[in-house]
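Worksheet: the structure to be examined is printed underneath.
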Amino acid sequence: MTYMTAIFYFFAAILVFAGLRVITARNPVHAALFLVLAFFTAAGLWMMLEAEFLAITLVLVYVGAVMVLFLFVVMMLDINLDKLREGFWDYLPLAGFVSVLLMIEMALILGSRHFGLAVMSTPVPHPAGYSNTKELGRLLYTDYVYAFELAAVILLVAIVAAIALTLRRRKDSKYIDPAEQVKVKRNDRLRIVKMQAVKKQTEHKPEAGETGA
Amino acid sequence: MSTLSMNLAQFAPALPEIFVLVMVSLILIIDAAVDDSKRYLSYVLSLLTLAGAAFLTARDLSSMPVLTLGGLFIDDPLSDVLKLFLYLTVAVVLVYSRDYLRERGLYKGEFFVLALFALLGMMVMVSASHFLTLYLGLELLSLSLYAMVALQRDSSVATEAAMKYFVLGALASGMLLYGMSMVYGVTGSLALGDMAIALQDGTDMRIPLVFGVVFIVAGLAFKLGAVPFHMWVPDVYHGAPTAVTLFIGSAPKIAAFAFVVRILGQGLESQVIEWRDMLVILAVLSMAVGNIAAIAQTNLKRMLAYSTISHMGFMLLGILAGSQNGYGSAMFYVLVYALMSLGSFGMILLLSRAGFEADKLDDFKGLNQRSPWLAFLMLLLMFSMAGVPPTVGFYAKLAVLQAVVEIGYVWLAIAAVLFSLVGAFYYLRIVKLMYFDTPHDTTPITNSPDARIIMSANGLAILALGIVPQPLMAVCMHAIDASF
């Protein structure tokens, strides 16, 4: 076993362990932290596949930004895990059966018989000066510029949809527009009421409660 | 680097797409700046966008396929014809929906912006020649539709429908992607043209290929709403605001046809033996379940949803023939279906008013006494859906059946006719309700004149195309012949 193979198995073992813990950890914060570990290890595997740019992006974007946000959300929401787990054991036999079946099916097709080294040629390692980032950038902005722009449009749709579906004017908001506030007229606030003059009461009888004060 | 210098000329065929995108962005900005009293600006601008895009597409109709933008985009007669019909369909949807939206507080810029984004997605799908663009177009369309279904935020039915649509749609996308990745593994290419060449002389990786094709067909069936992947259709059609149902039920079907024909007919053409049997099962089940379940419905939107399922099954008959004739007749069928769907959902919109949806079968009772003209148009639409001559629905069904008989599947054609007979029952029931029952609602029907004129044109087009179907058929056949 070469050094690289050893590293691969080391990383792969950690990845599988972390992945399992994501779905089995009782504490959602722990689960999120295990997801961070899984991302980080996967980034290591990508690095070994010479996909440096993707590996670094995974760490920067997913570990650095998305997961931090995720952790905030998990901490802010009061999730009752026991309620979520209700029925877990009832569904386990059926779900387990389905997933085992899926795995067997995938193994039959995706195994080395069809996609092994005997059928597919071994990828040639790139020379030392090869820049993954540069190559990706070149492809994205030339050959795949149309697809790239479409992906951007999809993100724009997501923004429009999210705002359209969630933005509401709050009825209980105490916010006052300062511009409106400055423009206020006396008549908006003050109402002068004409009343009949009333004769003053002649005597004031102290009541029982008032004497104590 | 020399490759970085991009040739602007290669963007020229995609000019309609670019125009639509620019206009949507403009409408988005303008709409944010104007207040509710000037909302018609978004509406007018949307219609202008459609007119402009139609002009750009019609200006250079291609006579043969042009592959551009790195092989991601194809401009061929098929895409030109389908795009022109997409513009027309979306424009009619907007006209029909205007009053309905205004009465329900949905007359907002978001509706128009999302509709145009969905249109852009459909245009991308129609002229995609690569798995990447096919998928991106589909997602652009689907995301816009999910949001449109949920646009009526305070309606729990609409929210539920949107949720179902979203979850099942995401599942379907996943299956489609999985199938695409398998096919990519076998052929080593995502471009449909290269894929067809790689598969021409057969492949020694037959099992992974068939596995991929199964997933692709399942994903496509989900998107089309073919049985057994149809569960979302009735709920979404029923739950969504009728204007959105009208949209979902018309234009996306045209795009879905292009999507299926491009993948199966162009990319996986050599695997026709594999996918034909799958499509036979989907088609027969769709026609059976769609037509039989529709009988039991009391809600017109739900009934039409089941009718959509059966019509999609019928369209699949044309595609499974796998011949030029089959694709051409399926294209004719889907265009005619879009027209009928526009009319029948549009009729629900025209009869509805503030606080009244007109989506029950009983709401159509005695329509003849309330408005003889609308009742007559609805009669034409229902006859056409059932396939009664001389309406165009008859001719569309006939053309598809001819293509099926040509490949020797006579039993399939007989089954299709039998299920259509079953279907005729519930279409004719509406005609009976309109003409022979007494109305229990005598509120006068008021529509804006433009919606009424378009509806008349829509209904009469069904009759006119039924009497003279040859020009449209010739357009379809020419588009298919020149693109394959």
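A note on names: the letters A, B, ... follow the listed sequences, proteins ahead of strands, and every chain is numbered from 1.
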Next on the checklist: Within a 6.0 Å radius of atom CE on A:Met106, are there more than 12 heavy atoms belonging to other residues, nucleotides or ligands?
Outcome noted: no
Next on the checklist: Using 0.5 Å steps for rounding, measure from the CD1 atom of A:Ile163 to the CG atom of B:Leu28.
Outcome noted: 8.5 Å
Item to check | A:Met67 CE: over 12 foreign heavy atoms closer than 6.0 Å | outcome: yes
Item to check | Proximity breakdown for B:Leu114 and chain A, heavy-atom pairs closer than 4.5 Å | outcome: side chain
Checklist entry - Of the options B:Val24, B:Leu136, B:Leu21, which is the one that meets A:Val153 in a side chain to side chain contact (heavy atoms under 4.5 Å, CB included)? => result B:Leu21
Item to check | Audit row: A:Leu108, B:Phe211, side chain to side chain contact (heavy atoms under 4.5 Å, CB included) steps and yes/no | outcome: CA-CA 11 Å; A:Leu108 279 178; B:Phe211 194 70; over 6 Å; no
Checklist entry - To the nearest 0.5 Å, how far apart are CZ in A:Phe148 and CG in B:Leu72? => result 13.5 Å
Checklist entry - Around A:Phe34, counting heavy atoms of other residues, nucleotides and ligands shown, do more than 12 lie under 6.0 Å from its CZ? => result yes
Checklist entry - Heavy-atom count around A:Tyr130 OH within 6.0 Å, excluding the residue itself: above 12? => result yes
Checklist outcome for this item: Interatomic distance, CE@B:Met148 vs CG@A:Leu165, rounded to 0.5 Å, equals 11.5 Å
Next on the checklist: Under 4.5 Å from any heavy atom of chain A, what part of B:Val113 do you find: side chain, backbone, both or neither?
Outcome noted: side chain
Checklist entry - Is B:Tyr146 atom OH crowded by more than 12 heavy atoms from other residues, nucleotides or ligands, each under 6.0 Å away? => result yes
Checklist entry - Is B:Tyr43 atom OH crowded by more than 12 heavy atoms from other residues, nucleotides or ligands, each under 6.0 Å away? => result yes
Checklist entry - Given side chains that start at C-beta, do those of B:Leu132 and A:Tyr146 come closer than 4.5 Å, heavy atoms only? => result no
Checklist entry - Taking all non-hydrogen atoms of both residues, which atom of A:Ala164 and which atom of B:Arg153 are closest, and how far apart? => result O-NH1, 3.3 Å
Next on the checklist: Check this for me: B:Phe19, atom CZ, are more than 12 non-hydrogen atoms of other residues, nucleotides or ligands nearer than 6.0 Å?
Outcome noted: yes
